[in-house]
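Lettering follows sequence order; numbering is per chain, from 1.
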Number of protein chains: 2
Amino acid sequence: MDPRKMRILQAVTDDYINTAEPVGSRTIARKYGLGVSPATIRNEMSDLEELGYLEQPHTSAGRVPSDKGYRFYVDVLMDPAEIGPEVRARLREEFAARRQVMEQMIHHAARLLSVMTHYTAVVVAPKTSETAIRRLQLTPLDEMNVLAVLVTEPGFVEHHVIELASPMDEATLQKLGQRLNDYLVGKTPKEVNRGLLERLREDLEPKRLYDETVELLMRSVGSRCEERVYFDGTLHLFEQPEFRDVERAKALLGFLEQEEAVSSMLSEISRRSGTQVTIGHEHPREEMYECSMVTATYHVGGTVVGTVGVVGPTRMEYSKAVSAVGALADSLSEVLTQMTRRPA
Amino acid sequence: MDPRKMRILQAVTDDYINTAEPVGSRTIARKYGLGVSPATIRNEMSDLEELGYLEQPHTSAGRVPSDKGYRFYVDVLMDPAEIGPEVRARLREEFAARRQVMEQMIHHAARLLSVMTHYTAVVVAPKTSETAIRRLQLTPLDEMNVLAVLVTEPGFVEHHVIELASPMDEATLQKLGQRLNDYLVGKTPKEVNRGLLERLREDLEPKRLYDETVELLMRSVGSRCEERVYFDGTLHLFEQPEFRDVERAKALLGFLEQEEAVSSMLSEISRRSGTQVTIGHEHPREEMYECSMVTATYHVGGTVVGTVGVVGPTRMEYSKAVSAVGALADSLSEVLTQMTRRPA
DNA sequence: CGTTAGCACTCATGGACATGGAGTGCTAAC
DNA sequence: GTTAGCACTCCATGTCCATGAGTGCTAACG
């Protein structure tokens, strides 16, 4: 893989990303001044094809980068289009302005990302189970139903209605609430382990209440199915020539509509923190073989709490996408961390 | 408009709804036993076209119902495919099982509707401003921020974070919460008018709190932008041959993505309660000229609180859609009403 | 030996044109 | 009022061909 091959691969990829047309040797020679003739480039391109970096849709068409080609482009060739500090500041402000309601921030993050990149944006909201509990509030609805409102550190509010096994009066509930708060504040639902629950059990006077408590917590922690996925700019998919075919677009949209599938795919990918690029057949799911994703994790303090990203065709403007996704994740992390009350 | 014309219009509409192909006189004569020859039918169809009930995509193609034709079909010809009591019972159960969390019920309603009809379902969640307040809970987050949780009668839970103008200790907050509950429970946010607020002002001891109260309520009542619209089965649109063209599908989806626009259109349409059919150019918005909607309002007690409906091509199976939407709205209303605690 | 010019070959694309079929409108006969 | 017959229209489909972009190969060049 000599330097000239690399420059040619870069030229082919850049051009294909812009035009969506297979690119031929003439085009390269004309538009990208490599100082060699088309014939030479043809030879090099032939080699690159043999090496697996380029593909031909059919004989006598131009070349197109393969997944491997894109991978090399992303890892080695691409320079990642730095994002200015003004833009970063703008992003922080945008989030700070919506600081009060977590859900709005998440929505807004998706919107910003899709507007910035013109790709479909996807944001996975923080798992409640991994952020510290700030407050747990129990409110009676009637004799048999209790509203449990859980506020976790970055300001994420979640509520569950719990149907009691047996009636409970308001005073008892109040007391239970107090106790629970004392025990739980500052811990993440994940940290609430068996040992803690046992101690709690011993302490709670009406033993009967214990079961309720467990149910409540299980609901809250076990609500990983509530790991919500937000989309924005789904329409941008249709702007891509590769999705002009309705069948193809339908298949992809159908997959994206399945929240659980997307969420599990994303959590698989974002096991490693930081910005991640996943290209075509690297995806675990067939529906995504024609797509690429650029994702980044965001965090509160040191803990990764969620993922943001964009979905587009493999012919994606990786440099723009990587920097935008990165900047957004950074800003989001920053604001969320700032919002978090350090435990006293 | 003699009876035979009506039968022919019905036949044309039925056939076109099934096949999506312009229907000719031969087809009518063959498939629908009217006992007359194609030639006769041709004459009648020519008349129907003159009257504006049918249209020809081009000379020497079959006929297709016009918007006016569909309107007549819906108002006069169609028999609305009764839905059995078992299905209604199923629906009620489905909702009852999710009785605890309003948002899940709404989601589920959209899902059920799109599965039943194979059209895109849309559900507008109850405006909080029109359902009675069951409970208002104020919870301190820190010195300057309060979490206000509003529970309205059918079990709709909504939360707002309020940033205070000046710090307030927990005890004061507690007292304020008590007072507010006494005043507000049983009323709808809409009923909370100026007079009531005045009386409240006089009663509250630290006058400063008054402003906070107003802000809180204004947020809650004024959150008509929070009149959420839920979709399900957007993909079904692509199954319709009329949306095989990506541009057309994009235009429609783009419109549906604008929550406010859709919500205002729906509230316009569902001013009259009950089941409503809106056909093609009857829509206020150009993006919907090629579509029809079947909508119905649902209610708690006697008050209309929201809308359910389906969106499809004008060539829609109106009879199925009307009965499905109607049944769903009924079941939803029933369960919601049942859930509502009658004020003591 | 790498580079280049030349040339034959391949293949997708799009326009021109013929063909078939579905459907209409009209007229005349029943 | 209804029907059969017929000429006419128009879309959809398929074929053919010209065009052009691009390749691979070979032979010449420095």
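Using modelled atom types, no side-chain atom of B/Tyr119 and backbone atom of B/Val115 make a donor-acceptor pair closer than 3.5 Å. Put simply, the side chain of A/Glu282 gets close to the backbone of A/Ile279: a donor and an acceptor are under 3.5 Å apart. The backbone N or O of A/Cys291 sits nowhere less than 3.5 Å from a side-chain atom of A/Thr314 that would complete a donor-acceptor pair.
For B/Ser60, the listed nucleotide lying nearest its side chain is D/dC10; candidates were D/dA4, D/dC10, C/dA5. Considering only side-chain atoms of A/Arg63, the nucleotide from D/dC10, D/dT23, C/dA5 that sits closest is D/dT23.
Ring orientation note: the planes of B/Tyr70 and B/Tyr318 are tilted relative to one another, at an angle of 30° to 60°. Between A/Phe238 and B/Phe238, the two ring planes are parallel [angle under 30°; tilted spans 30° to 60°].
Within residues 2-36 of chain A, the residues approaching DNA chain C are A/Arg4, A/Val36, by heavy-atom distance under 4.0 Å. A heavy atom lying under 4.0 Å from DNA chain C marks the following residues of residues 40-52 of chain A, by number: A/Thr40, A/Arg42, A/Asn43.
You'll find the side chain of A/Met6 stays beyond 4.5 Å of the side chain of A/Pro3, heavy atoms only.
Ring centers of A/Tyr289 and A/His281: under 6.0 Å apart, within the cut-off.
Under 4.0 angstrom from either OP1 or OP2 of D/dT3 there lies at least one side-chain N or O belonging to B/Ser37.
Pairing partner, D/dC29: C/dG2, with both Watson-Crick or wobble hydrogen-bond distances short of 3.5 Å. Both distances falling under 3.5 Å, in either a Watson-Crick or a G-U wobble arrangement, place D/dA18 opposite C/dT13. In a base pair of the Watson-Crick type (N1 to N3 plus N6-O4 or O6-N4) or a G-U wobble (N1-O2 and O6-N3), with each distance short of 3.5 Å, C/dC30 is matched with D/dG1.
If you check the side chains of A/Thr297 and A/Ser270, you find no donor sitting under 3.5 Å from an acceptor. Residues A/Thr27 and A/Tyr32 bring no donor and acceptor atom of their side chains to less than 3.5 Å of each other.
Toward the 5' end of DNA chain C, the nearer of the two residues B/Ala39 and B/Gly62, judged by each one's closest nucleotide, is B/Gly62.
If you take CD of A/Gln56 and C1' of C/dC9, they are 13 Å apart, rounded to a whole angstrom.
Side-chain N/O atoms of A/Thr59 and base N/O atoms of C/dT10 include no donor-acceptor pair closer than 3.5 Å.
Within 4.0 Å (heavy atoms only), A/Ala61 reaches sugar-phosphate atoms of the nucleic acid but no base atom.
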